[in-house]
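Notes for the one structure printed next.
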Amino acid sequence: MDMIASLFRKPATAAILSLIGVIAFYVVIGGVDVGQLFNAASWVNYAARIGIVAIPVGLLMISGEIDISIGAMIPAGAMTTAIISGYYELPMIFAVLGALAIGVIVGTINGVLAVRTTVPTLIITLATLVAMQGIVLAGSKLLTGSASVPLNAPDWAKTVFGHLMFGGSHQVVIVWWVIIAAVFWFVMHKTKYGNWIFAIGGDKQSARNAGIPVDGITILLFILTATSASFVGMCHAILFNSAQVSGGMNDIFNIIVSVVVGGVLLTGGYGSVAGVFVGTITFAIVTKGIDFTDIDRNWSNLIVGLMLLVAVALNEIFRRAALSYAPGAKKRGTAPKPRVMEA
């Protein structure tokens, strides 16, 4: 019983239950062959694409903030890579550094505005989203005269960022996704920095009074979200040998849904990296798994909507269970000492 109670207090539990529910639905209603589904590359590649961005976005949301400028940063990273290496024919290393640099710059702007003003980060990053869309389009037209730029990446770049594995079906970004998830899991759940992020999301002023560098952590999280998005754009430009100014807008919704399904609350202070990882898998299977059924694909949005509602309800239930377990909270009637949330 204690083991079951412990599981229900973990943020990742909602994501796991959602994943089980989605697979069961497709098997029972859609007649999906589970083996065929798990061997498919389509949903894994898609999960890796949005998952690399979803993890830092999840951390940012745990801290109580949000970033929707990621929708513009994916094409920004792709176009930066293609223009530097494809159009101007500079060494690929400059293109890689350029794509990452644009993420650092935009993330820093978002973070500084978030900590220096009282404007909600939704509005700040909405402005950045629109501005970056204009910069990418106008910049591409000005520099190259086109909204699409071809790219011929060298072998080393293909191997590291755009390689196809397992017979040419699975993209190497899957490896990057797993590595990034492992690193962020360790930082978030095994170090003081994760504790700081949870504390900031729980009560920003109390965290500041406790000596936590709230402003520095917030800026760093915005840099991570923007840079991860530009990194994904760079990888896809290298993989497909081209970049376009369009794309990325749908990823905003998909990434945030994955994070929420993964057990992160929009109000902050609750969530886990493991939950976001599983939530991304769940969303990818919902989106791509319907292709393995006889169900009309037009129903996929309804399934996503219902899944999101169920996930929000489960998140609230498990959050209350976790708070009720807080050591000494009931006895003393005071808030427990902040501690790193279990995965």
Side-chain angles (χ1 to χ4, degrees), residues 11-12 14-15 18-19 22 43 46-77 103 106-107 110-111 114 120-130 132-133 177 180-181 184 188 197 201 218 221-233 247-288 300-316 319:
S18 297
L19 176 59
V22 166
W43 69 266
Y46 182 67
R49 169 187 164 87
I50 63 174
I52 290 174
V53 187
I55 292 172
V57 168
L59 269 60
L60 182 65
M61 288 173 61
I62 290 174
S63 75
E65 308 293 352
I66 194 168
D67 183 1
I68 62 172
S69 67
I70 51 177
M73 293 311 301
I74 293 176
V106 174
N110 286 335
T121 52
L122 175 64
I123 304 302
I124 291 173
T125 56
L126 175 61
T128 310
L129 168 70
V130 177
M132 283 305 299
Q133 285 179 320
W177 176 38
I180 290 171
F184 276 85
M188 194 65 181
I197 293 172
T218 301
L221 290 175
F222 274 105
I223 291 174
L224 290 174
T225 57
T227 305
S228 66
S230 62
F231 175 81
V232 167
M249 290 301 294
N250 289 336
D251 290 326
I252 301 173
F253 170 78
N254 299 341
I255 289 167
I256 292 177
V257 169
S258 298
V259 172
V260 174
V261 171
V264 177
L265 296 181
L266 292 173
T267 51
Y270 186 81
S272 71
V273 173
V276 175
F277 188 86
V278 176
T280 304
I281 293 174
T282 304
F283 182 81
I285 289 179
V286 168
T287 305
K288 302 296 183 180
S300 62
N301 287 338
L302 173 62
I303 298 173
V304 171
L306 292 175
M307 179 184 66
L308 182 59
L309 290 174
V310 172
V312 170
L314 289 175
N315 291 346
E316 181 62 21
R319 183 187 70 87

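Because the structure is predicted, anything quoted here is derived from the model rather than measured.
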Open item on the list: Do Ser63 and Leu60 make a side-chain contact, defined as non-hydrogen atoms from C-beta onward lying under 4.5 Å apart?
Closed with: yes
TODO: Grab the two heavy atoms, one from Ile223 and one from Thr227, that are nearest each other, plus how far apart they are.
DONE: O-OG1, 2.7 Å
Open item on the list: Working to the nearest 0.5 angstrom, can you tell me the gap between Thr125 OG1 and Ile68 CD1?
Closed with: 4.5 Å
Task: Heavy-atom pair with the smallest gap, counting every atom of Ala47 and Thr280 - done: O-CG2, 3.2 Å
TODO: Please name all residues satisfying side chain to side chain donor-acceptor pair (under 3.5 Å) with Asp251, sequence neighbours left out, ordered by chain then number.
DONE: Arg49
Task: Gap separating the CD1 atom of Ile124 from the CZ atom of Phe222, nearest 0.5 angstrom - done: 6.5 Å
Task: Exercise: do Thr287 and Asn254 side chains pair donor with acceptor under 3.5 Å - done: no
TODO: Can you see which heavy atom on Ser258 is nearest to which on Ile50, and at what distance?
DONE: OG-CD1, 3.6 Å
Task: CG-CZ distance between Leu224 and Phe231, expressed to the nearest 0.5 angstrom - done: 13.0 Å
Task: Interatomic spacing from CG in Leu266 to CD in Glu65 - rounded to 0.5 Å - done: 12.5 Å
Task: pair Leu126-Leu122: side-chain heavy atoms closer than 4.5 Å - done: no
Task: Atom of Val53, atom of Ile70 and distance for their closest heavy-atom approach - done: CG1-CG2, 3.9 Å
- [ ] May I ask you to decide if the ring planes of Phe283 and Phe253 are parallel, tilted or perpendicular, using 30° and 60° as cut-offs?
- [x] perpendicular
Open item on the list: Measuring only between side-chain heavy atoms, which start at C-beta, is Met73 closer than 4.5 Å to Val106?
Closed with: yes
Open item on the list: Between Leu221 and Ile197, is there a side-chain heavy-atom distance shorter than 4.5 Å?
Closed with: yes
Task: Closest non-hydrogen atom pair, Ser69 against Asn110 - done: OG-ND2, 3.2 Å
- [ ] Identify the two heavy atoms, one from Phe277 and one from Ala181, that lie closest to each other, and give their separation to 0.1 Å.
- [x] CD1-CB, 3.6 Å
- [ ] Taking side chain to side chain donor-acceptor pair (under 3.5 Å) as the test, write out the residues that go with Thr225, two or more places apart.
- [x] Asp67
